[in-house]
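Chain identifiers are assigned alphabetically (A, B, ...) following the order of the sequence lines, protein sequences preceding nucleic acid strands; residue numbering begins at 1 within each chain. All values below come from the heavy atoms of this structure, side chains included, with hydrogens, waters and symmetry mates left out.
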Amino acid sequence: MKKIYILCVDDEPEVLEAVERDIAELEDDFPLETAESADDARTVIDQIYAVGDRLGLILCDHVMPGDTGVELLIEMFNDERTHDTRRVLLTGQAGLEATVQAVNAGQLNHYIAKPWTPDNLRQVARDQLTEYVIQTETDPRPYMQQLNMQKLAEVVYKRGLISDE
Amino acid sequence: MRFNKQIIGLTLGIFVLILPHFLPLAELSPAGRITLGIFLMAGVFWILEPIPIFATSMVVILLQVFFLSDKGLLAEALSNGSVEYMPQSYKDFYGTLASPIIILFLGGFSLAAAAVKYGIDRSLTRILLQPFGSKPQNVCLGLMVSTAVLSAFMSNTATTAMMITVVLPIIAQLDTTDPFKKVVALSIPVGANIGGIATPIGTPPNAIALAALREQGIEIAFSSWMMLAVPLVVVMLFIAWRLLLFLFPPATASFEVKLDGKLDKSPAAIGACIIFGITVLLWVTEKIHGISSTIIAFLPIASLPALQVLDKKDIRGFSWEVLWLVAGGISLGLSLEHTGLANWIIRLVNWESLGGFGLLVVFGLVGFAVANLVSHTVSATILVPLAVGLGVSSIAGESFDMQSSIITIGIIVSFSMILPISTPPNAIAMSTGMIESKDMAKTGIVIGIFGFIFTLIFSLFFWPVILG
Amino acid sequence: MDAFIQSPGDENDDLNDPIKVQNIVQKIRHLKKETVSYAPDAPIINEGESNAFIYVILEGSVQLLKHGQTKASMPVDRFGPGDLLGLTSFWSQQPSFLSSKAITAVNCLRLRNEDVEQLVHEDPAFGKTVHRIFISNLSKRYRRMIALNIKVAELGNALEHEHAQLKQAMQDLESTRNQLVHQEKLATLGQLLAGIAHEINNPCAALNRGVDNLIRILPTLFDTTHVFGKFNQEGRMLTAGMNCPYWSAEEKRSRMHQLLEQYPNIKRPLARRMAQLDEHTFRSLHLPDHGSLADKTIARISNLFDFYEIGNYLRSVQLSSDRIHKLVISLKNYGKHDEATWQMFDLRDGIRDTLTVLNNRLKHYRIQLRLDPIPPIYGSGSELNQVWTNLLINAIQATESGKTIAISTEQTDPHSIMIQFSDAGTGIQPHLLEKIFEANFTTKKSKSDFGLGLGLAISKEIIEKHGGNIQASNRAEGGACFTITLPVRSSQQSVQEHS
């Protein structure tokens with residue numbers, strides 16, 4: 001089964017470590033990769049899709065050397081492969097203009113301001129991955145325990161794709 | 001890994017398809033060999049699942065039409081070769097897709113679709129659960145009864161999926177260590193599997209049994225089936241209830257079962273309720289008005305779309321693959337009978353020593369065991385024709401009641417719920433993570449044993465009385 | 001003016017001669033024509049009415065008014081003795097264009113058409129005189145009107161001139177006011193910064209002390225020569241954690257994947273940690289080359305990594321408290337805003353402080369520093385910091401991220417130092433190179449950089465206050481360059497010049 005990845009992009013290693021610690025409990029089902037810049041992130045994304053896995057969620061800082069986080073997110077929105085990837089800005093420094101652009105041109109899914117609380121980050125990650133699974137998986141059952149079970153159970157019921165044998 | 005399993009399954013299936021023609025099988029007509037090949041291939045495909053099980057059913061019909069029908073490739077050869085087999089009209093094979101039993105089920109599907117669309121299933125659950133209060137023991141019973149009632153008329157799987165969404169909030173209230181979580185999570189699939197037995201349309205194995213009976217000229221009314229099955233269902237629900245509470249005693253004294261939701265009062269919803277009610281009413285009063293339930297079944301099929309309660313998207317959403325699965329099973333049964341293969345298989349074993357009861361036990365055990373590993377419908381498909389063969393050939397002797405036996409086999413397979421793969425309701429319940437395989441196994445084994453015993457008891461003492 | 005009104009021919013104006021007037025009056029009187037008297041403010045002729053008389057004013061003055069469409073009446077002209085009233089309306093037979101009102105008590109002769117004809121008929125020479133009088137009156141009126149118009153025009157010009165001056169004065173006032181407000185804001189900010197820096201200082205110092213001590217003591221707890229010798233490996237892991245090598249994200253990833261392949265049953269978080277170890281420490285774990293690891297081994301490694309992480313955190317805390325400490329110092333230095341204390345200082349410190357404070361915004365650019373040794377100068381460090389801030393922010397706004405911003409200081413001769421700020425940005429339009437230092441000049445949409453930069457005008461003022469000057473130029477390679485020269489003076493000289 002294709003794995004669903006989480007990618008965290010930030011130029012500060014402390015942030016990457018903190019995110020990794022906070023969402024460690026999700027890593028059994030959703031492996032985490034980290035990148036330190038937009039270019040680095042592109043490399044990771046290519047690697048993920050080259051082996052047939054997919055990127056379910058990206059947590060991205062905005063101010064980074066090279067391309068900004070918002071630019072990366074917009075690019076990902078327009079890339080066929082990562083079009084459905086859930087896009088979250090995790091930043092302390094996106095001004096209103098950049099955020100508006102992320103929302104309008106990149107269909108930003110969520111914004112978390114730094115500093116974040118671990119519980120909130122986990123909850124957001126779960127909720128976003130739940131949406132991703134609903135959109136891209138016909139049978140969401142394998143993910144029910146790690147994500148929003150109630151919502152996925154509802155999807156299983158409403159889709160009616162599992163039948164008596 | 002999956003790739004390899006597929007290759008193995010396909011090759012093995014094709015191998016056994018042509019194998020009978022190279023084996024020295026005395027007394028088996030060419031048509032019988034063909035059927036044996038198809039039968040073995042279908043068995044392999046259904047068990048190893050290199051292709052989906054409903055696809056296998058369609059392949060069965062394909063091969064039958066191509067090789068066993070009057071328009072098939074071998075039509076002339078077959079009719080000349082042996083007097084035992086008149087090539088069946090290809091329309092018979094195709095006809096299984098719309099056999100009256102299929103139509104009956106289709107009627108059930110349409111009612112179920114309408115119920116789900118307008119939340120009638122949820123509303124009904126709310127009503128059914130209410131009188132059970134808030135004590136865990138009673139809530140458990142309430143859940144099982146509601147699930148059973150719904151699954152009698154809707155697909156077991158759809159009922160389970162819906163009830164899971166209902167009970168998840170309940171489970172969330174409980175302490176993580178409270179064993180009652182397991183009770184709640186298990187009562188749904190158990191209730192669904194048992195409840196499916198209650199009516200002809202409750203679960204596909206029932207269809208296999210009814211179709212086989214029909215083929216022998218025996219028609220069982222909707223209400224008659226219910227009279228046979230419902231007492232058994234009640235007994236088994238009670239046993240399952242006590243079992244669950246015994247295995248996983250609840251830790252909390254009481255909790256709230258709050259189900260919110262609004263009653264859909266739109267005209268379409270009301271129309272759905274009315275048609276549902278009328279259809280069920282007509283079904284259970286079949287004996288009174290004498291109109292076959294398979295004919296009543298067309299009422300909802302026609303009226304629901306006509307009244308725009310269901311639109312074409314809803315119709316596309318029916319589980320057509322289940323109908324195909326059943327149709328393939330029925331079709332295979334036809335050939336098993338008409339080519340004499342069923343007879344031939346039966347003669348391989350010396351059944352006389354067993355006697356009627358012994359036969360029943362054997363068939364029941366085999367059916368139960370297989371159904372735990374493979375689709376219930378498939379298990380019924382494989383065994384019911386053999387039971388028919390036994391009954392028709394009178395090998396088994398006087399004590400073998402074919403009618404009861406067929407119904408028994410059809411019902412026993414529904415008690416197979418030991419493993420997550422035994423039946424989709426089990427799989428759905430597992431995906432909540434509330435129960436472990438061993439919990440399910442414990443429950444499934446005990447229920448299976450009791451189900452087996454009680455079905456036999458009913459079959460020997462109670463049903464012959466009703467069936468007359 | 002009067003010379004203009006007087007035209008040749010007026011010398012013969014009989015009516016200017018009071019005696020002549022008397023003659024005429026007598027003559028007319030003798031025709032038994034009445035004199036009419038008007039009290040002050042009494043109307044004589046009303047605008048819009050027809051008028052059948054000629055009035056010859058004998059005594060008093062009459063005000064001519066125009067009512068027009070508004071209720072207010074506008075004074076037009078003033079007549080005195082000898083002037084003729086009602087001429088135009090009399091001859092043209094049109095309704096009177098103006099109103100006339102007595103100002104003082106007025107005595108005048110009122111002549112009707114018939115009277116005039118009779119007079120003329122009786123004395124033809126009189127008729128000529130009358131005609132001459134009429135025409136002279138009319139032309140006098142005309143000339144008076146032109147003179148008035150000229151006066152109006154002149155007044156208008158004078159008014160415009162004053163208006164322009166006032167406007168300029170207003171602008172000057174406004175810019176002065178803005179400057180004052182800026183100064184005020186800056187003073188407040190300076191105080192705020194000083195206060196905050198002060199507050200942070202103490203816990204920051206405590207933090208530093210604590211971490212330094214932790215780093216000193218903790219490893220000794222696990223020292224092999226210590227009584228608790230069995231902690232050897234833990235101590236090694238802790239020290240390794242403190243000296244964790246720097247891997248790029250790509251290296252970390254590939255090492256992690258490698259480890260996941262080597263030991264298929266370890267979880268990703270553990271693999272990630274193991275990927276950070278240097279070779280030596282990794283070997284000290286004594287793991288097999290590859291294969292599934294026993295649960296016990298995994299548990300032991302995970303436990304060891306707790307110590308490794310302690311080392312990580314110790315280092316991270318130390319680095320962070322260091323950063324805070326440096327920031328606090330820079331903030332304190334930056335915001336010192338005390339006009340009274342001018343002193344000798346090395347302005348390179350200020351440049352560095354400014355860079356620290358602006359670090360967050362500068363990190364997207366390549367910063368080239370060439371701060372050659374320069375002698376200390378006399379002045380206000382915090383004021384110059386404002387200049388550096390302003391120039392840096394301008395550079396940031398003009399330059400694309402990734403490009404270079406360069407700052408250099410050098411002593412060009414024994415008496416002056418040169419500081420240059422150059423960027424690889426969009427440059428300055430040549431005709432604006434001097435204008436940009438003018439007050440209120442801006443090419444940016446006004447965004448208030450609160451307290452961080454007052455604009456080039458104020459920067460220039462500050463530089464000039466320090467005895468130097470600032471110039472803008474464009475670099476050949478593209479981008480702008482600001483060159484500041486400051487004199488090197490001993491504090492003695494500076495005190496004299498400054499006061």
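Pairing each heavy atom of Gln150(A) with each of Thr165(B), the nearest pair is NE2-O, 2.8 Å.
Using a 4.5 Å cut-off between heavy atoms, Ala172(B) makes no contact with chain A at all. Interface remark: Ser319(B) contributes side-chain atoms only to the contact with chain A (heavy atom separation under 4.5 Å). Residue Met163(B): no heavy atom, backbone or side chain, is found under 4.5 Å from chain A. Using a 4.5 Å cut-off between heavy atoms, Asn193(B) does not touch chain A at all.
Considering only heavy-atom pairs separated by less than 4.5 Å from chain A, the leading option among Val326(B), Ile164(B), Asn156(B) is Asn156(B). Your options are Met434(B), Glu321(B), His376(B), Met162(B), and the one with the most heavy-atom pairs under 4.5 Å with chain A is Met162(B). The greatest number of non-hydrogen atom pairs below 4.5 Å with chain A, out of Ala161(B), Ser375(B), Ser431(B), Pro169(B), is found for Ser431(B). Between chain A and the options Ser155(B), Ala113(B), Ala192(B), the largest number of non-hydrogen pairs under 4.5 Å is found for Ser155(B).
Identified by a heavy-atom distance below 4.5 Å to chain B, contributing residues of residues 114-126 of chain A are lacking entirely. At a heavy-atom cut-off of under 4.5 Å, chain B is reached by no residue from residues 62-81 of chain A. Below 4.5 Å, heavy atoms of chain B meet heavy atoms from Ala153(A), Glu154(A), Val156(A), Tyr157(A), Lys158(A), Ile162(A), Ser163(A), Asp164(A), Glu165(A), all part of residues 151-165 of chain A.
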Determine whether Gln145(A) and Thr432(B) satisfy the following criterion, side chain to side chain contact (heavy atoms under 4.5 Å, CB included), listing intermediate values before the conclusion.
CA-CA 6 Å; Gln145(A) 289 183 49; Thr432(B) 63; 6.0 Å; no
Pairs under 3.5 angstrom only: tabulate donor-acceptor contacts from the side chains of residues 42-56 of chain B to other protein residues two or more places apart or in another chain.
unit_1: Trp46(B); atom_1: NE1; unit_2: Ile53(B); atom_2: O; d: 3.0
unit_1: Thr56(B); atom_1: OG1; unit_2: Pro52(B); atom_2: O; d: 3.4

